[in-house]
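Let me begin by presenting the structure, written as structure tokens, before commenting on it.
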Amino acid sequence: MFSAPSIALYIHIPFCETKCPYCDFNTYSQIEPLMPGYVVALIREIELWGDLLNHPTVRTVFFGGGTPSYLPSQDISQIMQSANRSFKIETEAEVTLESNPGDFTSDKLTTYLESGINRLSIGVQTFDDQLLGVLGRRHTAQDAVDAYRMAQDAGFDNISIDLMYGLPDQTLEGWKSTLKKALELQPPHISMYCLTLEEGTPFEAWVRLGKMSDPNPDLAADMYEATQDTMRDAGYRHYEISNWALEGLESRHNLIYWRTEPYIGVGPGAHSYLGDTRFANLKQPREYISRLTNAADGKFDLDNVNLDDLKMIIDIVPVVDTTEHIDRRLAMAETLMMGLRLDDGISIPDFNARFNQTPNEAYESIIADLTNLGLLKTSNDRLFLTPRGRILGNEVFSRFFE
Amino acid sequence: MSSDHADDIRNFCIIAHIDHGKSTLADRLLQATNTVDARDMVEQVLDSMDLERERGITIKAQAVRMSYTAADGQVYQLNLIDTPGHVDFSYEVSRSLAACEGALLIVDATQGIQAQTLANVYLAMGHDLEIIPVVNKIDLDIAEPERVSLEVQQAFGFNADEVHMVSAKSGQGIDELLQSIVDRVPSPKGESDSPLRALIFDSKYDPYKGVVAYVRVLDGEVSSRGKIRVMSADKESEILEVGYFQPGPTKSTSLKRGEVGYVATGLKSVGDAPVGDTLTMAARPASEPLTGYETLKPMVFAGLYPADGEEYLALREALEKLQLNDAALTFTPESSLALGTGFRCGFLGLLHMDIVQERLEREYDVDLLATSPSVAYNILLTDGSEIEIESPAKLPQPQRIEDYREPWLDLSIITPAAYIGPIMELVQTRRGIFNKMEYLQYGNSIVGAGDGGDARVLLEYEVPLAEVLMDFYDQLKAKTSGYASMDYSFSGYRSGDLVKLDILVAGEPVDALSIMIHRSEAARQGRALVDKLKELIPRQMFEVPIQAAIGNRIIARENIRALRKNVLAKCYGGDVSRKRKLLEKQAEGKKRMKRVGTVEIPQEAFLSILKVER
């Protein structure tokens with residue numbers, strides 16, 4: 001049997017009531033009729049993986065999207081039941097669900113809690129109603145506050161909120177005011193993302209055509225620096241480039257990605273990383289449903305499958321679209337690219353244990369260069385970014401791919 | 001007396017400004033003499049290169065033989081020698097003229113005399129050619145044949161009845177013109193029995209026949225057998241073939257006194273049988289070559305680099321092949337920080353440079369990067385010696401330089417009087433020296449003076465070539481609504497208050513960006529370059545000063561502020577591959593950047609600055 005260690009489980013929900021004009025995730029509006037069939041297909045994929053990997057231990061579960069809170073909460077409940085049948089989900093596992101502020105009802109929240117969801121991530125984005133309009137969000141700032149309170153009242157204590165800065169025509173003062181309102185809620189975790197113009201999105205086109213003002217990178221830098229100060233004063237740990245948490249309440253699921261540890265993603269377009277292979281599912285929800293539904297009526301004959309062979313395992317799954325072999329060299333660079341995003345960076349002994357080489361042995365001149373430039377630092381057996389290195393992260397990461 | 005029939009031969013060429021209808025007229029002559037069937041007629045038969053047909057210009061001279069039965073019933077051999085129509089090729093023009101006894105001067109009835117026409121007519125007069133003036137395009141509604149005829153009469157001293165009124169398009173006036181050629185162009189002189197002397201007025205390389213020299217026999221005879229000698233180039237070879245064009249190549253047993261045709265020499269490069277040189281028979285050589293031979297000297301230089309560094313050898317091969325056919329093209333290897341390895345190429349002028357570039361890309365399929373053109377400087381060193389500098393990067397230390405000298409031109413411009421002011425202004429900003437102004441007059445009245453500023457004026461200046469290289473011609477056209485025409489000839493080297501302007505990025509001089517410039521222009525140009533570079537160089541992780549300097553003196557400076565933020569906000573949903581690919585792309589982009597000290601500059605930045613025009 002391929003020995004799957006304890007893993008993280010990502011569950012993709014590709015439905016949104018409306019698609020936001022800055023978003024390039026694999027998500028769709030106007031396909032609600034697919035929901036019931038989708039839940040059936042998703043459960044089949046979860047159960048298939050459970051069988052293929054012999055029901056491994058799962059440390060974290062993450063419902064992402066899309067908008068998981070847009071799916072009926074009974075469906076979430078069913079999906080969780082199948083996950084529990086298929087995997088050994090640890091009792092203390094972190095189970096997160098992404099949500100849109102306007103979607104909560106107290107019944108819904110109760111169903112989540114009963115299903116085992118113990119962490120909510122709320123897509124607030126900004127507390128400026130006008131900017132919420134620009135972002136194409138379907139909630140108001142007050143909706144966000146109400147949603148947060150409602151979740152607390154229902155019994156959720158581990159709540160994260162997502163905010164965006166560097167928005168079109170957003171001022172430094174405007175951003176500070178959003179940040180202040182967020183802190184008034186005293187959330188245990190805040191993710192703050194600088195707006196990126198993704199190719200193929202309406203935002204990118206609007207800026208290119210001059211219909212929307214081009215984000216000013218220096219202003220975004222000012223916002224980021226102001227955020228670091230404010231969050232430090234408020235007692236949060238800046239544990240990852242875009243993430244802040246009260247001590248002990250970091251996103252354990254995302255830490256698995258950043259530490260390049262194994263995970264399984266289910267649902268269309270979801271990515272997985274097992275052993276030395278990263279693979280991704282096909283993106284179209286319709287095709288995803290049909291492949292899982294048609295394949296032997298959902299029954300998979302595993303008798304002739306050599307479950308020691310990861311490649312064979314992946315071949316059985318009818319929705320895997322692309323696989324990529326991550327060789328040792330690539331794995332080292334990816335480990336640095338992801339791990340250096342964390343405030344405590346890379347453990348040099350751990351890196352050495354995994355690759356039989358220290359980062360310094362593998363990238364001597366690059367690390368010396370970056371250290372001289374004041375972007376990278378080594379101390380106490382750890383390699384990590386300096387504050388300047390954090391804001392110029394790509395200048396560091398890209399060097400490992402030369 | 002000899003067996004030749006030189007008395008029945010008329011050799012002539014056509015002098016015309018671009019678009020005045022030279023090629024159409026030539027086509028019509030070929031048709032009227034049944035040299036070409038109407039149904040085989042491709043427009044502009046003589047302009048055989050695609051490039052020539054597209055641009056409506058003649059790059060290489062051609063010669064075609066026609067038979068014409070004149071009014072007296074006698075059959076005459078008419079040889080039309082087509083001449084290049086651009087000032088870059090004025091030496092080739094002069095050799096074509098030297099091969100003729102007559103010239104048709106074509107002037108467009110809608111436009112009148114242009115500067116270049118004027119220059120070529122004087123050149124033809126200098127060769128004692130019989131000039132037959134032709135006012136063309138008289139069929140057009142906007143034609144002013146009377147006025148243009150007056151202008152021609154006055155400018156060159158013709159009588160009204162000497163001027164032919166023609167429409168090459170409709171054929172009107174063509175027969176009369178042919179008769180005039182027979183009547184007025186003198187038959188060739190020369191000695192039939194003397195050793196062969198044939199003037200090479202053009203040559204081109206053929207992969208099967210080697211260099212094919214286009215010749216006019218002045219004395220003696222060249223037969224299809226025997227050994228030929230190229231007198232000044234001092235080359236000998238066995239004759240492969242002799243013939244003439246009608247208009248396709250037609251073999252013959254010999255070319256006699258007065259005849260025009262070709263000699264296939266089997267020589268390897270047109271440099272072995274250059275334009276202007278003299279052919280003679282090795283067995284019975286002439287004692288003296290014909291006069292007027294000059295080695296062509298390139299006046300304009302630019303770096304040509306392969307867009308893809310891997311194509312360096314392909315570019316060298318293409319240049320070598322092109323040079324087989326173009327003796328005026330020179331090239332020497334050059335390397336530049338920004339552009340890698342390529343060649344410093346010398347050209348006769350801007351059009352020549354343009355043509356070479358286009359042929360390299362079109363016929364040899366090489367993608368090119370070209371730097372903006374510069375001139376060759378003559379530098380007098382403190383030890384009294386002189387050197388030629390084709391690239392500012394090769395300039396010696398300033399303390400070793402006694403004097404900088406740059407090429408100057410005699411420039412003439414013909415323009416409607418209304419534009420004199422703007423032209424004066426333009427030439428002044430280009431360091432031009434005004435020599436004279438002359439109205440093109442008819443009798444006592446000024447041609448066209450009745451309707452205000454329409455009188456046409458000839459302006460003459462002296463101006464440095466470097467100033468004309470930039471965008472002078474475009475500016476002239478812009479300032480005169482396209483009405484002015486210009487012509488120039490090289491007049492010599494003169495001392496100039498020149499300086500070398502260096503561009504420093506983060507304190508490091510960038511070789512490819514150094515330019516030679518007049519001191520008075522240095523501050524403005526330095527500022528323009530610095531501003532442009534500031535726009536083009538991406539922000540680095542530290543502040544980057546960009547400076548323009550003359551020696552140690554900084555004359556312009558800008559700072560590129562340090563890059564403050566560059567980091568992917570979100571690494572989410574486990575899609576690590578996509579983030580990685582973005583970073584790989586960034587790393588790949590950096591690999592293609594050129595390093596100046598610690599600063600990374602995209603090649604595109606260099607290119608756009610090297611092409612920047614004033």
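In the text below, chain A, chain B and the rest are named by the order of the sequence lines, each starting its count at 1.
- Counting heavy atoms of neighbouring residues, nucleotides and ligands inside a 6.0 Å radius, atom CD of B:Gln399 exceeds 12 of them.
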When you look at B:Arg578 and A:His271, which way does the side chain to side chain contact (heavy atoms under 4.5 Å, CB included) test go after all the steps? CA-CA 11 Å; B:Arg578 182 165 152 204; A:His271 290 249; over 6 Å; no

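- Within the 4.5 angstrom heavy-atom criterion, only backbone atoms of A:Arg390 (N, CA, C, O) approach chain B.
- Only the side chain of B:Lys590 has a heavy atom closer than 4.5 Å to any heavy atom of chain A.
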Does B:Leu568 form a side chain to side chain contact (heavy atoms under 4.5 Å, CB included) with A:Thr196? I'd like the steps, not just the answer. CA-CA 8 Å; B:Leu568 293 170; A:Thr196 319; 5.7 Å; no

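- Across A:Ser398 and B:Gln586, no two heavy atoms sit closer than the pair OG-NE2, 3.7 Å.
- Between chain A and the residues B:Glu588, B:Lys565, B:Glu584, the largest count of heavy-atom pairs under 4.5 Å involves B:Lys565.
- For A:Asn243, no part sits under 4.5 Å from any heavy atom of chain B, backbone or side chain.
- Open room surrounds CZ on B:Arg561; 12 or fewer heavy atoms of other groups in view lie less than 6.0 Å from it.
- Proximity to chain B (any heavy atom under 4.5 Å) is restricted, for A:Ile241, to the side chain, taken from C-beta onward.
- More than 12 heavy atoms of other residues, nucleotides or ligands lie within 6.0 Å of CG in A:Asp327, so this atom counts as buried by the packing criterion.
- The part of A:Leu330 that comes within reach of chain B is its side chain, from C-beta onward, which places non-hydrogen atoms under 4.5 angstrom from that chain.
- The neighbour count for A:Lys283 NZ, taken as heavy atoms of other residues, nucleotides or ligands under 6.0 Å away, does not exceed 12.
- Proximity to chain A involves both the backbone and the side chain of B:Leu563, based on heavy atoms less than 4.5 angstrom apart.
- To the nearest 0.5 angstrom, A:Leu373 atom CG is 5.0 Å from B:Met541 atom CE.
- Here CG of B:Leu582 is found 12.5 Å from CZ of A:Phe397. Values are rounded to the nearest 0.5 Å.
- In this structure, the separation between CZ on B:Arg564 and OH on A:Tyr224 is 12.5 Å, given to the nearest 0.5 Å.
- Comparing A:Ala221, A:Ser242, A:Ala280 by how many heavy-atom pairs each has under 4.5 Å with chain B, the most go to A:Ala221.
- Rounded to the nearest 0.5 Å, atoms CG (B:Leu583) and CD (A:Glu402) are 11.5 Å apart.
- Taking both residues in full, the closest heavy atoms of A:Phe401 and B:Ala587 are given as O-CB, 3.9 Å, listed atom of the first, atom of the second, then distance.
- Taking chain B as the reference chain and counting heavy-atom pairs below 4.5 Å, the highest number among A:Ala220, A:Gly265, A:Ala333 is found for A:Ala220.
- Here NZ of B:Lys579 is found 13.0 Å from CD of A:Glu334. Values are rounded to the nearest 0.5 Å.
- For A:Tyr165, the part lying near chain B is the side chain, with the backbone staying farther off; criterion is any non-hydrogen pair under 4.5 Å.
- By the 6.0 Å contact criterion, CD on B:Glu320 is enclosed, its count of non-hydrogen atoms from other residues, nucleotides or ligands being greater than 12.
- Note that the CZ atom of B:Arg580 and the CD atom of A:Glu324 stand 4.0 Å from one another [nearest 0.5 Å].
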